[in-house]
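Everything on this sheet refers to the single structure shown next.
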Amino acid sequence: MGRALVWDATCVDSLAASHLPSTSQKAAAAAESAQMLKRPKMFLLRQAVSNARQLAPSVRAMSSKGPLVDLTVDNDGVAIMTLQRPPVNSLNLDLLKEISKSLDDVAKNKSRGMILTSSSPTVFSAGLDIMEMYKPDMKRAEEFWTTLQDVWFKLYGSSFATAAAINGHAPAGGCLLSMSCEYRAMVGGKFTIGLNETALGIVAPKWFMDTMCRTISMRQAELALTTAKMFTVDEALKCELIDEIATDKADAINKCKTFLKKFEKIPPLARAITKLKMREEPIKNLQTSRQADVQEFLSFLKNPKVQQSLEMYIQALKQKAAK
Ligand SMILES: CC/C=C\CC/C=C/CC(=O)SCCNC(=O)CCNC(=O)[C@H](O)C(C)(C)COP(=O)(O)OP(=O)(O)OC[C@H]1O[C@@H](n2cnc3c(N)ncnc32)[C@H](O)[C@@H]1OP(=O)(O)O
């Protein structure tokens with residue numbers, strides 16, 4: 001009752017020159033390819049429409065999702081998602097699954113916005129759990145990478161507003177999570193943030209790079225990615241990798257809330273569609289290359305040289321931790 005219907009029909013000319021090679025091989029190939037092209041658009045539209053309405057604020061715990069993510073909604077209707085996988089919130093399959101599920105919960109609960117933070121006093125997230133990549137079980141590795149992609153789609157492409165209260169180090173995947181949000185307040189001090197993959201002998205996937213290029217300038221991103229630059233908090237502010245420096249975690253959360261408040265007077269549907277249109281291109285790119293991206297990750301893991309680099313990196317981390 002009272003729900004709007006949108007019809008979006010496409011008539012494909014299966015005899016068009018561009019379709020002939022495929023339709024002569026397979027019936028309905030042209031329609032199939034038109035359908036594939038339409039999927040990303042429909043995905044974005046569906047998300048925008050289903051999440052644009054806001055609920056009255058209330059204080060409640062939203063989850064019995066287990067201990068790796070804590071999700072609460074404060075009095076202002078803002079969801080606070082806290083990563084809590086000691087010691088360093090490294091993103092293993094279990095944590096990624098919980099983040100993914102929590103993002104679904106935030107979307108369903110129509111929160112005013114979401115703030116991503118960490119329960120650790122010194123680490124926002126250490127990025128991907130290296131143990132998921134070192135001598136992996138390939139089936140699990142595939143699920144791991146697919147879940148990471150899901151998390152990125154849901155966070156980067158969320159129609160609810162997002163901000164990161166970065167209360168500690170944020171290397172690699174930790175930096176990616178924060179860059180996928182719309183705003184970043186980072187606690188000042190000795191913390192660092194950046195995509196350091198090349199230092200591990202790893203090439204950051206294209207969608208990591210795209211996310212960085214849409215946060216800082218292309219020039220700064222190229223320099224940072226090739227040199228595995230870890231930015232100090234001051235440097236991060238200067239190149240706009242972060243938006244504000246906070247005195248502590250509470251201040252970072254307050255700064256994120258102030259950012260989210262800016263949307264109070266903006267019609268939510270217009271805001272959401274604008275955001276999703278701005279982010280459409282990298283999302284579509286990964287949607288169309290999703291399987292290839294998984295295969296690239298798996299073949300990267302099978303490379304003995306990569307395994308050797310990972311082993312050395314793990315040893316170095318352990319030695320550092322033991323000091
Ligand atoms: C085709 C595409 C192919 C591939 C793409 C792959 C993409 C990968 C992206 C990534 O995210 S790779 C991960 C990169 N992350 C890092 O390089 C961060 C490494 N960690 C650190 O630099 C530090 O730990 C820290 C600055 C985050 C925190 O320092 P601190 O508080 O001093 O903690 P410790 O260094 O003492 O570490 C405590 C404990 O945690 C273990 N650990 C740290 N990081 C990771 C990690 N990413 N994965 C797994 N485990 C990690 C560390 O070894 C220590 O373990 P102990 O057992 O010795 O206590």
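Start at 1 and go down the list; that is how both ligands and their atoms are numbered. We number each residue from 1, following the sequence as shown.
- Regarding atom 59 (O) of ligand 1, its nearest protein heavy-atom neighbour is A321 CB, 4.3 Å.
- The shortest separation from a heavy atom of V203 to ligand 1 is under 4.0 Å, placing the residue in contact.
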* Could you go through the side-chain hydrogen bond (donor to acceptor under 3.5 Å, both in side chains) check for S289 and W207 one step at a time? => CA-CA 10 Å; S289 65; W207 44 289; over 6 Å; no

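- Looking at atom 52 (C) of ligand 1, its nearest protein heavy atom turns out to be L317 CB, 4.4 Å.
- Not one N or O on the side chain of T162 forms a donor-acceptor pair closer than 3.5 Å with the backbone of S158.
- In summary, of the residues considered (N92, I314, L310), a side chain to side chain contact (heavy atoms under 4.5 Å, CB included) with M131 occurs for I314 alone.
- With respect to D129 and R85, a salt bridge is recorded, a charged nitrogen being found less than 4.0 Å from a carboxylate O.
- Atom 10 (C) of ligand 1 has as its closest protein heavy atom A172 CB, 3.4 Å.
- Remark: side-chain polar atoms of E197 are not paired, donor with acceptor, to backbone N or O of I202 under 3.5 angstrom.
- A salt bridge does not link K154 to D150: none of the charged nitrogens lies less than 4.0 Å from a carboxylate oxygen.
- The nearest non-hydrogen atom to atom 48 (N) of ligand 1, considering only I130, V88, L176, L200, comes from I130.
- For the pair E296 and ligand 1, the shortest N or O to N or O distance does not fall below 3.5 Å.
- Nearest to atom 39 (C) of ligand 1 by heavy-atom distance, out of G173, P87, G201, P171, is P87.
- The nearest heavy-atom contact from the protein to atom 5 (C) of ligand 1 is I202 CG2, 3.4 Å.
- Looking at atom 29 (O) of ligand 1, its nearest protein heavy atom turns out to be K320 NZ, 3.3 Å.
- Counting only heavy atoms of the protein, atom 49 (C) of ligand 1 lies nearest to D129 OD1, 3.2 Å.
- Counting only heavy atoms, the protein gets under 4.0 Å from atom 14 (C) of ligand 1.
- A donor-acceptor contact shorter than 3.5 Å links the side chain of D74 to the backbone of D76.
- Between A126 and ligand 1, at least one pair of N/O atoms sits closer than 3.5 Å.
- From the protein, the heavy atom lying nearest to atom 17 (O) of ligand 1 is Y313 OH, 2.4 Å.
- Where the criterion is an N or O separation shorter than 3.5 Å, residue side chain and backbone included, W145 fails it with respect to ligand 1.
- Counting atoms of ligand 1 from 1 in the listed order, those under 4.0 Å from a heavy atom of N196 are 16 (C), 17 (O).
- Scanning the protein heavy atoms around atom 57 (O) of ligand 1, the nearest turns out to be K318 NZ, 3.0 Å.
- The shortest side-chain heavy-atom distance between P171 and M230 falls under the 4.5 Å cut-off.
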